[in-house]
Amino acid sequence: MSIPTKFIPSEVEEKWYNYWLENNFFKSTPDSRKPYTIVIPPPNVTGVLHMGHMLNNSLQDILIRRARMKGYNACWVPGTDHASIATEAKVVEKLKKKGFSKNDLTREEFLKHAWEWTDEFGGVILEQLKKIGCSCDWDRTKFTLDPEMSESVINGFIDLHNRGLIYRGYRMVNWDPQAQTTLSDEEVIYKEKPGSLYYISYKIDDSDDSVVVATTRPETILGDTAICINPKDKRYKHLHGKKVIVPIAKRSIPIILDEYVDVEFGTGCLKVTPAHDPNDKMLGEKHKLDFIDVLNPNGTLNSKGLHYEGKDRFIVRKSIIKEIDNLGQLVKKENHISKVGTSERTSAIIEPRISEQWFLKMKSLAEPAKLSVLKSEEVQLIPEKFKKTYSHWMENITDWNISRQLWWGHRIPVYYYGKKSSNYVVAESIEKALELAKIKFKNNEISVSDLNQDDDVLDTWFSSWLWPISVFNGINEPDNDEINYYYPTQDLVTGPDILFFWVARMIMAGYAFRGNFPFSKVYLTGIVRDKKGKKMSKQLGNSPDALALIDEHGADAVRVGLMLSSAAGNDLLFDEKLCIQGKNFANKIWNAYRLIDSWNIDSKIKQPSSSIDALICFENTFNKDLESINDHFDKYRISDALMTAYKLVWDDFCSWLLETVKPDYGSSIDIITFDQIKLQFQNILKLIHPFMPFISEEIWHIIKVRSKPEESLIVSPWPKTKKYDKSILESYETMKQTIGALRKFRKENDLPQKFKLNLLCHNKNSIVFPEIISRLGQLEKIEFSDKKINQNGGVLNVGTNEFFIPLDIKIDFEKESIKINEEIKYLEKFRLSINKKLSNPSFVENAPNKIIEFEKKKLSDTEQKIKNLKSRLKKSV
RNA sequence: GGGUGUUUAACUCAGUUGGUUUAGAGUGUUACCUUGACAGGGUAGAAGUCACUGGUUCGAAUCCAGUAACACCCACCA
C-alpha cells in the first residue's frame with residue numbers, strides 16, 4: 001500500500017482522540033506523583049468556539065501534554081460557565097421571537113426555558129475543544145450551576161456574610177432597562193454618540209431673573225433637586241443663597257455651591273439630579289438633597305414624571321423639550337457628542353439609578369492577593385508587565401456589587417421576614433432559614449410562608465471566582481483528598497481582558513477560603529486580532545470559523561499557526577497564512593516519515609563514516625536544542641520553543657541528517673544508521689507532540705510498529721537533557737558553511753550542480769567532517785595538500801579556512817577581483833572600527849578583559865581574512 | 001483626563017539584567033534547480049539610519065528625558 005505524499009489530518013484526528021480517551025490517558029486521580037493542574041477558564045455554556053478559545057486552549061493543551069510526558073500527574077479540569085446575563089439575554093430573545101416576554105412567565109417557567117436552551121446548546125463548545133485535541137479529564141467536567149457547584153457558591157456567600165463582609169446598601173448602579181438588571185461597571189461599554197446639549201432657563205424664585213443650565217438628559221429635569229454653581233464663579237455671585245423653580249414640575253429647589261462644577265463647561269451651572277447620575281449623587285449626599293427617582297425599571301417614567309408617566313425616557317426627552325420650548329424656557333440647542341454607557345449584552349443605553357443591592361467588601365480581601373502578586377512570590381503574572389496594572393486596580397478597589405436582577409443564576413440565599421428589608425436571615429435552605437428566623441426574630445410561630453427569598457441572583461463572577469476551589473469541592477468539604485492533592489494548581493492560561501473580573505478575584509478567593517493562592521503562574525495570552533488590528537469577535541464578524549479552519553488545515557496545523565506568533569501578553573495578529581505554514585510543517589514531517597519508510601535495509605552494508613558523523617552532529621544539535629526548548633518552556637516562551645523544534649526538524653533533521661544518510665537511488669541503507677535514524681525520529685516526535693499531537697502520535701505508532709497503548713507517544717517520557725560537545729557543534733557549523741560556499745561557487749561560475757569537484761585544503765586540522773562535505777557538496781574528494789596552487793581554479797574562504805578548487809576551465813578573474821576588492825574594503829573598514837576601539841585608552845581601561853580579548857580576536861581574524869583575500873588577488877592577476 | 005504598553009527587513013515578531021564579529025528568525029520576495037521523501041520541495045541571494053530628538057557611558061536597539069504615531073485598560077464633565 002502506498003503512503004500518500006500529503007498528510008491527511010481528517011484520517012487520523014478522530015482515531016487518535018478516541019484512542020486516547022479509550023485508554024484513559026486524560027484521566028487523573030490523586031496518586032504519589034506530583035500533580036500538574038490547570039483549571040480551564042470556563043467558556044459560556046452556550047457559547048461557540050472562537051479564535052480566542054483556540055489560542056487559549058491550545059496553549060493549555062501544550063502545557064498539559066508536556067507535563068504529562070515529564071511524568072507529572074497531569075490534570076486539566078474542563079467546564080462551562082452559566083454566564084447569567086449572556087445566557088438570560090439569549091433566552092429572552094428566543095422567547096421574544098415566540099411572541100412573549102419574560103414578564104409573562106413565572107420564575108420557574110422561565111428557568112425551564114433557560115435549562116432547555118442550555119441542554120440544547122450547552123457543551124457544544126466542549127465538543128469543539130476535543131476537535132483541537134484538548135486533553136482534558138472529561139470525567140471532571142463541571143458546570144457552574146451543577147448542584148455541587150451551586151452549593152459551593154451559596155456556602156461561599158454564607159461564609160463571607162458571617163464574616164461581615166457582605167452588606168446591603170444603596171448604590172448608584174448601572175441599570176439596563178432592557179434586561180431590567182443592574183450591570184457591573186465592567187459590563188458597561190461607553191460609546192460615543194451624537195446628541196444635543198440643551199440650554200434651559202430656570203426661573204429664579206421671587207425674581208424675574210433666570211439662570212441657564214445645560215443638559216443632555218432633559219427628561220431628568222423632573223428629578224432635579226438643586227442647581228449647583230462654582231463658588232468662585234464671579235458671574236453667579238448674586239445667586240448665592242437663592243432658589244430656582246424647576247420647569248414643568250414647578251418645585252422650588254436651592255442653588256448650592258460646590259467646586260466640583262467646571263466653570264468652563266456649558267453655562268457653568270449644573271442641574272443636580274441625585275437619583276440619576278453618580279456625580280449628582282455625590283453632590284446630593286454632600287449637600288443633603290432630596291433623591292427623586294423618576295424612572296420605572298423598564299425605562300419609562302414613573303409618577304414623579306407627572307403627565308409623562310409611562311412613556312419611555314427617550315420619547316419624553318423629545319416631548320419635554322417641546323413643552324419647555326413652548327414655555328419659552330429653551331434658550332438654545334447645541335450638537336454634542338457624549339459618551340453613552342451601553343450594556344455589553346443587550347446594547348441598551350444604561351440609566352444610572354439608585355437601587356438597593358448586595359455588596360462584598362473588598363479592601364481586606366484584596367490585601368493578601370495584592371501582595372502575593374506584587375512580590376511575585378506566590379503568584380507570578382506572565383508577562384510581568386501586567387503587574388503594574390494589577391496592583392493599580394487592587395489599590396483602588398471598590399466594593400463589589402454582587403446582586404443581579406436576573407433569574408438565571410445562583411439565587412441569593414437571603415430570606416426576608418416581614419416588610420422591612422433589614423429583617424432577614426442568610427441560609428442555604430428555607431428550612432434552615434426558618435430555624436434561624438425563629439431564633440433571630442424570637443418568634444416560634446414563623447412559618448415557611450412568612451419568609452420570602454431575595455429575588456436576585458448573584459453575579460456570574462461570584463461563582464467563577466471560586467472555580468479553582470469549587471471544581472475540587474473545596475468550599476463544601478475543605479479537607480477532601482482532591483482539593484488537598486490538586487490545590488494550589490500550577491498554571492492558569494487566560495486573556496488579559498479578564499484580569500480583574502476573574503483572575504484577581506480568584507486570587508482573593510484563594511486566600512479568603514483556603515488561605516492560599518489558587519495557582520502559581522498566570523499566563524496571559526494576547527488578544528487575537530485580525531490583520532487590521534481589530535479584536536476578533538463574533539459581533540464584528542471578523543473571526544474566522546474555528547472549526548472550518550480545522551477542517552481545512554487540520555488541528556495540528558491550526559495549533560502551530562496560532563503558536564507561531566503568540567508571545568505571551570502580546571496581541572496576536574491572526575492571519576490564516578500561519579495555518580498554512582503549520583500545514584506545510586506537518587507535511588514536511590510526514591514526508592520525512594515516508595522517506596525513512598521507503599528505505600531498503602541491508603544488514604551487510606557497513607555504516608558509512610558520513611552517516612556516523614552526521615548522526616553525531618545531529619545528536620549534539622538535538623541535545624542543545626532540547627536544552628533551549630526546555631528553557632523556553634520554563635519561561636513560557638511557547639512560540640520560541642516551537643520555532644526551535646521547527647528548525648531542528650526542518651533544517652537539522654531533514655535537510656542535513658536525512659540528506660546525508662539517505663541512500664542513493666537504487667541502493668540500500670545499513671542497519672545501524674537506519675536504527676539510529678528511527679531513534680532520532682522518535683525523539684523528535686516527542687518534542688513535537690505537545691504542539692502537534694495528532695500527526696506525532698500517528699507516525700509514532702507506525703515507526704514503533706507493534707506499540708502497546710501504554711507505549712503511546714502521549715505518555716512516553718519527555719527526552720532527558722544530555723551534555724553536548726560544543727566543538728562538534730562548531731565543526732558542524734563550519735561544515736555547513738563550507739558546503740554553502742561550495743554551492744555558491746558552483747552557481748556563480750555556472751557549473752552544473754552535479755559537476756563533481758575536487759577540493760584542496762592546506763590545513764589538515766581545519767577541515768571537519770570531510771565525508772559529509774564530499775557527499776552533500778557533491779565532491780569527488782577532499783585532498784589535503786601543502787603543494788603550491790599553480791593551476792586554474794577557484795578559492796573558497798570559510799572563516800579562516802581556505803580551500804582551493806582546481807578546475808580545467810578558467811574563472812572570470814576580472815569579476816572575481818572586483819568582488820574580492822569589495823570584500824577587502826568592507827573588512828578594512830571593519831578593522832578600522834576595531835582599531836579605533838582598541839586604541840581608545842578609556843575603552844582599554846574600563847571595558848572588562850573578556851571584551852578586550854574578544855575585540856583582539858576579532859581584529860586578528862579580520863587581518864587573517866584580509867591577508868587571504870589579498871594573496872588571492874595577487875594570484876588572480 | 002489618568003494609567004499601561006508598543007514602534008527593529010515587505011509582513012509577523014525575537015533581541016534574556018548595555019559589549020559576543022557594524023542587528024536575528026519565520027514568512028514573503030529574487031535567481032536558479034527539480035522524474036528517486038516533500039513545488040506545500042531544494043540551493044543561493046537581496047533586503048534594516050533599530051520611530052524621532054537629546055542625554056548618560058569607553059561602548060546604546062538595549063538605560064534616562066522629551067516628541068510623535070498607534071494599541072489597550074481605568075475614569076468619565078453636565
Side-chain angles (χ1 to χ4, degrees), chain A residues 3 5-7 185-186 190 197 213-217 220 228 260-262 264-273 277-280 336 338-339 341 383 385-386 388-389 392-393 396 496-497 499-500 527 529 531 533 535 564-567 569-575 577-578 580-581 583-599 631 635 637 639-640 643-644 646-647 654-655 658-659 662-666 739-741 743-748 750 752-753 826 829-830 833-834 837 840-848 850-852 854-855 857-859 861-862:
Chain A
I3 306 161
T5 50
K6 277 154 201 169
F7 173 63
D185 292 343
E186 290 81 5
Y190 287 88
L197 186 60
V213 301
T215 180
T216 52
R217 291 158 65 207
T220 63
C228 188
Y260 163 77
V261 175
D262 182 355
E264 304 289 318
F265 191 90
T267 59
C269 284
L270 171 72
K271 69 182 209 58
V272 183
T273 323
D277 183 279
N279 294 305
D280 291 11
H336 179 76
S338 56
K339 283 190 173 174
K385 67 179 179 189
F386 288 107
K388 280 189 186 172
T389 334
H392 189 257
W393 189 77
N396 298 300
D497 45 341
L499 182 60
F500 305 131
I527 292 169
R529 301 173 180 286
K531 270 188 273 183
K535 188 169 165 175
L564 273 176
S565 75
S566 57
N570 281 353
D571 289 357
L572 157 69
L573 297 180
F574 184 77
D575 188 337
K577 276 185 193 156
L578 290 168
I580 294 172
Q581 198 183 338
K583 196 161 128 187
N584 292 348
F585 186 40
N587 200 47
K588 186 77 184 174
I589 299 170
W590 183 250
N591 278 291
Y593 146 66
R594 278 184 65 221
L595 174 66
I596 296 169
D597 183 78
S598 72
W599 289 337
D631 186 53
K635 291 174 181 153
R637 302 174 67 112
S639 59
D640 288 348
M643 190 41 79
T644 308
Y646 178 94
K647 285 192 278 196
C654 293
S655 299
L658 292 186
E659 288 298 334
K662 84 173 174 195
D664 295 331
Y665 186 60
I739 293 174
R743 285 167 175 165
K744 194 179 168 188
F745 174 85
R746 191 152 31 204
K747 189 169 177 180
E748 277 173 354
D750 280 331
Q753 197 158 48
Y826 171 87
K829 217 172 130 195
F830 185 49
S833 78
I834 307 171
K837 233 182 193 178
N840 181 346
S842 32
F843 171 74
V844 182
E845 277 164 38
N846 292 311
K850 214 172 119 191
I851 299 301
I852 295 170
F854 185 74
E855 289 297 323
K857 170 132 199 320
K858 248 160 80 174
L859 187 66
D861 281 2
T862 310

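Because the structure is a prediction, the values reported are computed rather than measured. The sequence lines fix the lettering, A, B, ..., with proteins before strands; numbering per chain opens at 1.
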query: Looking across every strand, which nucleic acid part, if any, lies under 4.0 Å from D497(A) by heavy atom: base, sugar-phosphate, or nothing?
result: nothing
Protein-to-nucleotide contact annotation, 5' to 3' order, nucleotides 2-10 of chain B [B base; S sugar-phosphate only; - none; under 4.0 Å, heavy atom]: --SS-----
- request: List for me each residue that meets side-chain contact (heavy atoms from CB on, under 4.5 Å) alongside N396(A), sequence neighbours excluded, and say none if there are none.
  value: H392(A)
task: For K6(A), answer base if it contacts any base atom (sugar-phosphate contacts may also be present), sugar-phosphate if it contacts only those atoms, and nothing otherwise; contact means non-hydrogen atoms under 4.0 Å.
output: base
message: According to side-chain contact (heavy atoms from CB on, under 4.5 Å), who are the partners of A592(A), at least two apart in sequence or on a separate chain?
response: F653(A), C654(A), L658(A), F681(A)
query: Would you say a side-chain N or O of N279(A) is under 4.0 Å from OP1 or OP2 of C77(B)?
result: yes
Distance, rounded to the nearest Å, where D277(A) contributes CG and C76(B) contributes C1': 10 Å
field: Contact state string [nucleotides 17-27 of chain B, B base, S sugar-phosphate only, - no protein heavy atom under 4.0 Å]
entry: --BBBB--SSS
- request: Sequence neighbours left out, what passes salt bridge (charged side-chain N to carboxylate O under 4.0 Å, His left out) with R217(A)? Give chain and number order.
  value: D277(A), E351(A)
task: Could I get the full list of side-chain contact (heavy atoms from CB on, under 4.5 Å) partners for N840(A), not counting sequence neighbours?
output: S842(A), F843(A)
- request: Could you pull out all residues at least two apart from Y646(A) that satisfy ring-ring contact (aromatic ring centres under 6.0 Å, His included)?
  value: F585(A), W650(A)
message: I'd like to check the side chain to side chain donor-acceptor pair (under 3.5 Å) partners of K837(A); sequence neighbours left out, ordered by chain and number.
response: E855(A)
- request: Can you sort out the partners of N279(A) under side chain to side chain donor-acceptor pair (under 3.5 Å), two or more places apart, ordered by chain and number?
  value: Y260(A)
message: Please tell me if K744(A) has a side-chain N or O lying less than 4.0 Å from either OP1 or OP2 of G45(B).
response: yes
task: Using a heavy-atom cut-off of under 4.0 Å over every strand shown, decide if E748(A) touches base, sugar-phosphate, or nothing.
output: nothing
task: Measure from CD1 on I596(A) to C1' on C38(B) and round the result to the nearest Å.
output: 13 Å
query: Partner of A31(B) by Watson-Crick or G-U wobble geometry, both contacts under 3.5 Å, or none?
result: U43(B)
